[in-house]
Q: 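The following block contains the structure, expressed as structure tokens.
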Amino acid sequence: MKQSVGLYQEQTLKLAMTQELKQAITLLQYSSHELLDFLQEQSLENPLLELKELEAPREFAASRVKRLRQRSKAGAKQGFSIENFSRHGETLHHHLKQQLLDSGLAENPLQLIKRMIDYIDENGYLQEETKTIAQQLRVPTQEVEQAIVGIQSLEPAGVGAKDLKECLLLQLKRLPNRSHLAEKILEEDFTLFAEKAWKSLAKKHGISLKEIQEVHDEIVKLHPRPGNLYETTEKPRYIIPDLIVQQHHHQFIVSLNEEIVPQITINEKYKSSFSSQGEVDAYLQEKLQQCQWIVKSIEHRKHTLVKVMEEIVSAQLSFFLNGPSFLKPLTLKDIAERLNVHESTVSRATKEKYVQTPFGLFELKYFFSQSLTGKFDEEKSTKQVQQLVEELVKAEDKRKPLSDQQLTNLLQKEYSIAISRRTVAKYRDLLNIPSSSMRKRYD
């Protein structure tokens, strides 16, 4: 075989990823928080880039919520759900220490209790071993035990408990009308009660199932995590919608939430100082080009987000008219084909983006789900089936709750959805719905 070396001309096609295209793709997948961070970073590096100041996060969220409430006329359908609130107020540790100011305790136990409050977790539990606390604080175990009693006398009731059983017992003992039966059952048979082995409990304590039901109803009013009633030390995370869908007459209008992205302008003072030569001018020219790229990329991002959301509204019209239970099967590919773009573009556009609808705040990914094939080849969204399971359980007779097989039969009979009992059980678990035996009431 002869081999030769030479110069040959060949024509090929190759996709070149320009810097501008890379930037547009990157900005499209940014969440609103990431985009804001990116723009602030660019404004520090680029003297030509100026950003209009946004409101501080807390004030912005509050004012934005107020405006969204005023704009939404359809919110009354399901109760307007705004989830972009974060709780602000007193922390549990601060609340406990404030109560010690008027406690009248001597200095030594007071200081020990203050130090021990820091061991309480965000749920209100003191799970560290008494001996361990005593060793770490270098005090006798007996003093630690007395301090625990002092902590457990504070508000909220149940704080300072080592486990759920003690937490509930502490709360029961604080009730104006104490139920000694409830205290006895929790004290002696907490596991049986938690497993809802009520017939065994009734036989052991010589009481009726109705009496145990009354004990249960009293206990479920208590707080299993009393610390959750207070602010945590974590920085609150705000969820502010990127898009807003509003109904106007018989149409749904999609608009971009312009208030979450600062307005970008070019510093005319620097721009007007350009001349035809010089390294400084070359530097400024490069920065001007960067500004133009950023502006163009953000405009492309806005256009894409709105177009994607408009197609989602069109595909999920029944949801926007009637609510979450009418969600249909939808894939990223479906929207991509409607817009004649690549599926990855839709994936980036829906990543960590939120939309405010008449039925509340939803992540865009929420509108995409798999489908189940039912009778007559009808397709039902898995989320819709879960919604139906939840509604059937809510409407059931709690004295005779529906078994998983009965739920399966009802779905097939009433909604022409043919799925297995095992699938219904899986959906029930995902919805945190107990089994039929655990849902049964003995009124």
Side-chain angles (χ1 to χ4, degrees), residues 14-68 84 86 234-244 254-309 341-342 344-356 364:
K14 184 171 67 172
L15 177 63
M17 180 73 77
T18 65
Q19 182 67 25
E20 187 176 1
L21 182 57
K22 286 180 182 178
Q23 190 173 71
I25 291 173
T26 302
L27 294 188
L28 180 60
Q29 67 183 0
Y30 277 171
S31 67
S32 57
H33 293 281
E34 290 171 335
L35 180 60
L36 181 58
D37 290 341
F38 169 78
L39 291 176
Q40 289 174 339
E41 182 181 339
Q42 290 297 309
S43 68
L44 294 175
E45 297 177 359
N46 193 329
L48 294 180
L49 188 66
E50 289 189 339
L51 305 178
K52 181 182 178 182
E53 291 293 327
L54 287 175
E55 297 175 62
R58 183 182 299 191
E59 288 75 13
F60 171 80
S63 62
R64 181 64 191 147
V65 168
K66 185 178 180 180
R67 286 192 289 273
L68 285 174
N84 50 342
S86 281
E234 296 177 0
K235 187 178 180 180
R237 177 176 176 263
Y238 295 95
I239 298 178
I240 301 171
D242 300 85
L243 297 149
I244 303 166
V254 176
S255 60
L256 200 71
N257 186 0
E258 299 281 0
E259 299 173 8
I260 61 174
V261 180
Q263 184 180 350
I264 301 172
T265 57
I266 295 175
N267 191 315
E268 293 297 333
K269 180 180 178 181
Y270 280 95
K271 185 179 177 183
S272 62
S273 67
F274 286 174
S275 60
S276 58
Q277 295 179 352
E279 291 183 5
V280 175
D281 295 333
Y283 166 78
L284 291 175
Q285 185 65 43
E286 180 187 348
K287 293 302 179 182
L288 176 62
Q289 191 176 20
Q290 287 180 1
C291 286
Q292 292 168 342
W293 280 354
I294 290 173
V295 171
K296 189 174 180 180
S297 297
I298 288 179
E299 287 303 316
H300 176 266
R301 179 182 184 271
K302 292 178 180 179
H303 176 78
T304 305
L305 288 180
V306 171
K307 286 297 180 186
V308 168
M309 193 64 233
V341 297
H342 197 273
S344 62
T345 300
V346 181
S347 178
R348 291 187 182 98
T350 55
K351 181 185 178 184
E352 296 183 17
K353 311 294 192 307
Y354 292 83
V355 58
Q356 185 66 52
L364 264 63

Q: Give, for atom CD of Glu259 and atom OG of Ser32, the distance between the pair rounded to the nearest 0.5 Å.
A: 12.5 Å
Q: Taking atom CG of Leu39 and atom CD of Glu34, what is their separation to the nearest 0.5 Å?
A: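 If we round to the nearest 0.5 Å, Leu39:CG and Glu34:CD are 12.0 Å apart.
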Q: So, taking the atom named CD in Gln42 and the one named CG in Leu48, what distance separates them when rounded to the nearest 0.5 Å?
A: 12.0 Å
Q: For the backbone of Lys353 and the side chain of Asp242, can you confirm whether one donor and one acceptor N or O come within less than 3.5 Å of each other?
A: no
Q: Just to verify, what does Glu50 make a side chain to side chain donor-acceptor pair (under 3.5 Å) with, not counting sequence neighbours?
A: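 Asn267.
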Q: Kindly compute the distance separating CD1 (Ile294) from CG (Asn46), expressed to the nearest 0.5 Å.
A: 6.5 Å
Q: Out of curiosity, Gln290 CD to Leu288 CG, how far, rounded to the nearest 0.5 Å?
A: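 Separation between the atoms: 9.5 Å.
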Q: Can you sort out the partners of Lys307 under side chain to side chain contact (heavy atoms under 4.5 Å, CB included), two or more places apart, ordered by chain and number?
A: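 Counting only residues at least two positions away or on another chain, Lys307 forms a side chain to side chain contact (heavy atoms under 4.5 Å, CB included) with His303, Glu310, Leu339.
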Q: Which pair of non-hydrogen atoms, one from Pro47 and one from Lys287, has the smallest distance, and what is that distance?
A: CD-CG, 4.2 Å
Q: Indicate the atoms forming the closest heavy-atom contact of Ala349 with Leu364, along with that distance.
A: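 Distance-wise, the nearest heavy atoms are O-CD2, 4.1 Å.
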Q: Go through Glu299 and Lys302 one step at a time and tell me if the salt bridge (charged side-chain N to carboxylate O under 4.0 Å, His left out) criterion holds.
A: CA-CA 5 Å; Glu299 287 303 316; Lys302 292 178 180 179; 3.6 Å; yes
Q: Between CD1 of Ile244 and CD of Glu258, what distance do you get to the nearest 0.5 Å?
A: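 Output value for this atom pair is 9.5 Å.
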Q: My understanding is that only residues two or more places apart in sequence, or in another chain, count here; which of them pass side chain to side chain contact (heavy atoms under 4.5 Å, CB included) with Glu41?
A: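 With sequence neighbours excluded, Glu41 shows a side chain to side chain contact (heavy atoms under 4.5 Å, CB included) to Glu45, given in chain and number order.
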Q: Going by heavy atoms in the side chains, are Leu243 and Leu256 under 4.5 Å from each other?
A: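 Yes; the side chains approach each other to less than 4.5 Å.
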Q: Can you name the residues that form a side chain to side chain donor-acceptor pair (under 3.5 Å) with Thr350, not counting sequence neighbours?
A: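 For Thr350 the side chain to side chain donor-acceptor pair (under 3.5 Å) partners, ignoring immediate neighbours, are Lys365.
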Q: Could you work out, with side chain to side chain contact (heavy atoms under 4.5 Å, CB included) as the rule, every residue matching Gln289, not counting sequence neighbours?
A: Trp293
Q: Looking at residues at least two apart in the chain, or sitting in another chain, which of them share a side chain to side chain contact (heavy atoms under 4.5 Å, CB included) with Thr345?
A: Leu28, Thr304, Val341, His342
Q: Show the numbers, then the answer: is there a side chain to side chain contact (heavy atoms under 4.5 Å, CB included) between Ile264 and Leu51?
A: CA-CA 5 Å; Ile264 301 172; Leu51 305 178; 3.9 Å; yes
